[in-house]
Amino acid sequence: MATLGGVKQSSQNSTEIDDVARFAVEEHNKKENALLEFARVVKAEEQVVAGTLHHLTLEVIDAGRKKLYEAKVWVKPWMNFKELQEFKHAGDVPTCTPSDLGAKKDGHGPGWQEVPVHDPEVKDAANHAIKTIQQRSNSLFPHELQDILLAKAEVSENLVKFDMLLKVKKGEKEEKFKVEVHKTNEGAYRLNQMAPDHS
């Protein structure tokens, strides 16, 4: 029998981990007659136990709301064996607030606040903007995000607005775009405004 190993960071690629995660959500849905929808893997660890016991933290969508679940899936690939050992609610995914984005509280109440350009939420919004610009453009060259030069955010009741200055590479050319991206509480991004910046 294989010795029980400690829990360590998962060594498998993201496709395999996603497969295990989707399996966990599907199995839970079957057992509990639930309708959870897999969103993404937040954390993946594994443990050697005559096969691999995957310890996953998953973001799922339950009736439009994002929630976190912890799952344990036992996998023995040589036997084509997969079993969901545990699946439990670990909390709700918090909706974005100015303090989450590192917004500077300056006593002026709500409004546009500068936020760190390396924040994951800001990067997601910037990538969405580039994807939308690419779709709307007739250019044969792909648009690549080179840098986020400036980012501000304004948080309201049901959405977060990101105002960003992006440096974009298109073929051999570099361009700057001013964009405004809205993110809803459900996590959907939408490019609201876009204009080339010639400063």
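If you read the sequence from its start, that first residue is 1, and numbering goes on from there.
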For Q146 and V168 the tightest heavy-atom approach is CG-C, 4.1 Å
Side-chain heavy-atom pair K161, N192 within 4.5 angstrom cut-off:
no
Identify the two heavy atoms, one from K183 and one from G187, that lie closest to each other, and give their separation to 0.1 Å.
CE-CA, 3.8 Å
Derivation of the side-chain contact (heavy atoms from CB on, under 4.5 Å) call for V42 and L68
CA-CA 9 Å; V42 177; L68 288 178; 3.8 Å; yes
NE2-NZ distance between H143 and K131, expressed to the nearest 0.5 angstrom
14.5 Å
If you group Ile, Leu, Val, Met, Phe, Trp and Tyr by side-chain heavy-atom gaps below 4.5 Å, do L159 and L191 land in one group?
no
For the student: nearest non-hydrogen atoms of I148 and A126, plus distance
CD1-CB, 3.8 Å
Of all the heavy-atom pairs spanning V122 and P116, show the shortest one and how long it is.
CG2-O, 3.6 Å
Please identify each residue that fulfils salt bridge (charged side-chain N to carboxylate O under 4.0 Å, His left out) with K30, with sequence neighbours left out.
E27
Would you call T184 and H182 a side-chain contact if the rule is heavy atoms closer than 4.5 Å?
no
Hey, could you give me the NZ/CZ distance between K169 and F141, rounded to the nearest 0.5 Å?
11.5 Å
Is there a donor-acceptor pair under 3.5 Å between the side chain of D119 and the backbone N or O of E121?
yes
Nearest 0.5 angstrom please: E114 CD to L150 CG, how far?
5.5 Å
Counting only heavy atoms not in K76, do more than 12 sit closer than 6.0 Å to its NZ atom?
yes
Restricting to non-hydrogen atoms, name the atom on W112 and the atom on E180 that form the minimum distance, rounded to 0.1 Å.
CZ2-OE1, 4.2 Å
Set of side-chain hydrogen bond (donor to acceptor under 3.5 Å, both in side chains) partners for H28, sequence neighbours left out
none
Cluster question for you: counting only ILVMFWY and a side-chain heavy-atom cut-off of under 4.5 Å, with indirect links fine, are L53 and M79 together?
yes
How far does CD of E83 sit from NZ of K72, to the nearest 0.5 angstrom?
13.0 Å
So V179 and I133, do their side chains get closer than 4.5 Å, heavy atoms only?
yes
As a quick check of understanding, evaluate side-chain contact (heavy atoms from CB on, under 4.5 Å) for F87 and V73, giving each step before the final call.
CA-CA 9 Å; F87 197 92; V73 181; over 6 Å; no
Counting distance only, does the side-chain N/O of Q85 pair as donor-acceptor with the main-chain N or O of W74 below 3.5 Å?
no
Of E46, E70, Q47, the residue whose pairing with H55 passes side chain to side chain donor-acceptor pair (under 3.5 Å):
Q47
Working to the nearest 0.5 angstrom, can you tell me the gap between E37 CD and E26 CD?
11.5 Å
Across all chains, not counting sequence neighbours, the side chain to side chain contact (heavy atoms under 4.5 Å, CB included) partners of K178 are L165, D197
Do you know the tightest heavy-atom contact between V49 and T52?
CG2-C, 4.3 Å
When rounded to the nearest 0.5 angstrom, what is the spacing between CE in M164 and CE in M194?
13.0 Å
Exactly one of L58, L36, I61, D62 should register a side-chain contact (heavy atoms from CB on, under 4.5 Å) with K67. Which one does?
D62
Close side-chain approach of F38 to D18, heavy-atom, < 4.5 Å:
yes
